[in-house]
Amino acid sequence: MTDQELEILLTERCKTFDLKKTAFDTLEQIFKDNSNDKDFLCGFERNKIKAIFDRFEYQIDRRHGGSIIRTRIGLYVESQNWLDNLEPVGYYELETNLNGEVVDDWFVIEKEKYLKDIGIVSHFQSMNEKLPIEYLRRNHIQYEFVSYISMVGTLFVSKQFEGAGRFIIRAYSNLETVDCAKFDKDYLKGAKKFLKMISSYLVTNNLVTDSLKNELTENKNCG
């Protein structure tokens, strides 16, 4: 049997069991069952996620468990920076035995929308590369500001957006108290850029209450 013949045989077996349709139908039911869970899609909107068939995968002679057929449906969002303008954000996989009987399945979102949009990790890394290590000592006047910056990032990553916004206000209030000349110029520039970026994202995406949104908007430093 040639490679092409084997591929045709295995593909036809998947078609016989209608595994692709079963996977898509099950995935759609998962979306419906969790439609009221705002955190289920990690910030992505259902109508922005494209479910696309990725592949069939045979796994035989496994160390644990019997042989299986794995049907994978990729979950994507539109992005001009990716091949075919589709960025992968997760997947659904259906496992069946070689007779087409369902063995297991799982749904995975691999990226948080808010973290993906803003690239917060890279901003943190860039900013902290310029952070003078002595600012981390409690007896230094810059310590409080650095702590506020850290809380903004931590709360944002934890999706505690209101808290992140409150600490943005505190950070700017601290700068009004402490002379900016007492900070390393490059670090302060990066920190201010970080605060403005997070503030703008919170306001633009309506992630905070109206009262806090007004505070962030009215604060000339936050815009």
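Since this is a predicted model, take the numbers as computed values, not measurements.
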Subject >> K32 backbone acceptor or donor facing S35 side chain under 3.5 Å >> reply: yes

Original post:
Under a 4.5 Å cut-off applied to non-hydrogen side-chain atoms, are I69 and C14 in contact?
Top reply: yes

Original post:
When rounded to the nearest 0.5 angstrom, what is the spacing between CD in Q4 and CG in L9?
Top reply: 12.5 Å

Original post:
Do Q29 and D33 come within less than 4.5 Å of each other through their side chains, counting heavy atoms only?
Top reply: yes

**OP:** Identify the residue among N34, I30, T26 that makes a side-chain contact (heavy atoms from CB on, under 4.5 Å) with F107.
**Re:** I30

**OP:** Answer whether the closest heavy-atom distance between the side chains of I68 and Y58 falls below 4.5 Å.
**Re:** no

**OP:** Step through the shown structure and confirm whether more than 12 heavy atoms of other residues, nucleotides or ligands are within 6.0 Å of CG on N36.
**Re:** no

Original post:
Between K20 and F53, is NZ or CZ placed under 6.0 angstrom from the six-membered ring centre and within 45° of the ring axis?
Top reply: yes

**OP:** Kindly indicate, with the supporting measurements, whether the criterion side chain to side chain contact (heavy atoms under 4.5 Å, CB included) is fulfilled by S79 and L86.
**Re:** CA-CA 5 Å; S79 174; L86 292 173; over 6 Å; no

Subject >> Nearest-0.5 Å distance, NZ of residue K192 to OG of residue S199 >> reply: 14.0 Å

**OP:** Please report the closest heavy-atom contact between S67 and I60, naming both atoms and the distance.
**Re:** OG-CA, 3.4 Å

Subject >> Expected output: side-chain N214 to main-chain D210 donor-acceptor under 3.5 Å >> reply: yes

Subject >> D105 vs E95 side-chain heavy atoms within contact, under 4.5 Å >> reply: no

Original post:
Taking atom CG of D104 and atom CG of N97, what is their separation to the nearest 0.5 Å?
Top reply: 12.0 Å

Original post:
Are any of the side-chain nitrogens in E162 or K213 under 4.0 Å away from the carboxylate oxygens of its partner?
Top reply: no

Original post:
CD1 of I109 to CG of D39: how many Å apart, nearest 0.5 Å?
Top reply: 12.0 Å

Original post:
Under a 4.5 Å side-chain heavy-atom rule over Ile, Leu, Val, Met, Phe, Trp and Tyr, are I169 and F161 clustered together?
Top reply: yes

Original post:
When you look at CG of D179, are more than 12 heavy atoms from neighbouring residues, nucleotides or ligands closer to it than 6.0 Å?
Top reply: yes

Original post:
Is the shortest side-chain N to carboxylate O distance from R166 to E215 below 4.0 Å?
Top reply: yes

**OP:** Go through the steps for Y76 and D54 under the test side-chain hydrogen bond (donor to acceptor under 3.5 Å, both in side chains), then give the verdict.
**Re:** CA-CA 11 Å; Y76 300 86; D54 276 346; 2.9 Å; yes

Subject >> Sub-4.5 Å side-chain heavy-atom contact between I168 and L202 >> reply: yes

**OP:** Report yes if some heavy atom in the side chain of L75 is under 4.5 Å from a heavy atom in the side chain of L27; otherwise report no.
**Re:** yes

Original post:
Donor-acceptor pair, N205 side chain versus L207 backbone, under 3.5 Å?
Top reply: no

Original post:
Hey, what's the ring geometry for Y148 with F167, parallel, tilted or perpendicular (30° and 60° as the breaks)?
Top reply: tilted

**OP:** Establish, yes or no, whether a centroid distance under 6.0 Å links the rings of F24 and Y92.
**Re:** no

**OP:** Search all heavy atoms of P132 against all heavy atoms of D184 and return the closest pair with its distance.
**Re:** CG-CB, 3.8 Å

Original post:
Would you call the rings of F183 and Y135 parallel, tilted or perpendicular if under 30° counts as parallel and over 60° as perpendicular?
Top reply: perpendicular

Subject >> Minimal non-hydrogen separation, R72 against Y91, with atom names >> reply: NH2-CD2, 3.2 Å

Original post:
Under 4.5 Å between any side-chain heavy atoms of K193 and K196, yes or no?
Top reply: no

Original post:
Under 3.5 Å, side chain of S150 to main-chain N/O of V146, donor-acceptor pair present?
Top reply: no

Original post:
Are L19 and V102 joined in one hydrophobic group, where the rule is that I, L, V, M, F, W and Y side chains link up if heavy atoms are under 4.5 Å apart?
Top reply: yes

**OP:** Decide whether V178 and M127 are clustered together by the hydrophobic rule: side chain heavy atoms of Ile, Leu, Val, Met, Phe, Trp, Tyr closer than 4.5 Å, transitively.
**Re:** yes

**OP:** Could you pull out the closest heavy-atom pair between E5 and T2, with the gap in Å?
**Re:** OE1-N, 2.9 Å

Subject >> Value rounded to 0.5 Å, distance of SG in C42 from CD in E110 >> reply: 10.5 Å

Original post:
Could you go step by step and tell me if F194 and I149 meet the side chain to side chain contact (heavy atoms under 4.5 Å, CB included) rule?
Top reply: CA-CA 9 Å; F194 176 75; I149 291 287; 4.3 Å; yes

**OP:** Begin with the C-alpha distance, continue with both residues' side-chain angles, and end with the deciding distance and a verdict on side chain to side chain contact (heavy atoms under 4.5 Å, CB included) for L195 and Y172.
**Re:** CA-CA 9 Å; L195 291 173; Y172 278 120; 3.5 Å; yes

Original post:
Are K48 and E78 ion-paired here, with the side-chain N under 4.0 Å from a carboxylate O?
Top reply: no

Subject >> CZ-CD distance between R137 and Q142, expressed to the nearest 0.5 angstrom >> reply: 11.0 Å

Original post:
What are the two closest non-hydrogen atoms of K182 and I141, and how far apart are they?
Top reply: CD-CD1, 4.0 Å

Original post:
How far apart are the C-alpha atoms of E93 and T71, what are their side-chain angles, what is the distance that settles it, and do they pass the side chain to side chain contact (heavy atoms under 4.5 Å, CB included) test?
Top reply: CA-CA 6 Å; E93 287 189 342; T71 306; over 6 Å; no

Original post:
Any chain of hydrophobic side-chain contacts (each under 4.5 Å) joining Y187 to M197?
Top reply: yes

Original post:
Which heavy-atom pair separates N99 from R13 by the least distance, and what is that distance?
Top reply: OD1-NH2, 3.8 Å

Original post:
Are L175 and L131 joined in one hydrophobic group, where the rule is that I, L, V, M, F, W and Y side chains link up if heavy atoms are under 4.5 Å apart?
Top reply: yes

Subject >> side-chain contact (heavy atoms from CB on, under 4.5 Å) partner of I198, the single match among L216, L155, V152, V203 >> reply: V152

**OP:** Please examine the side chains of F44 and V77, heavy atoms only from C-beta on, and report whether any two atoms are closer than 4.5 Å.
**Re:** yes

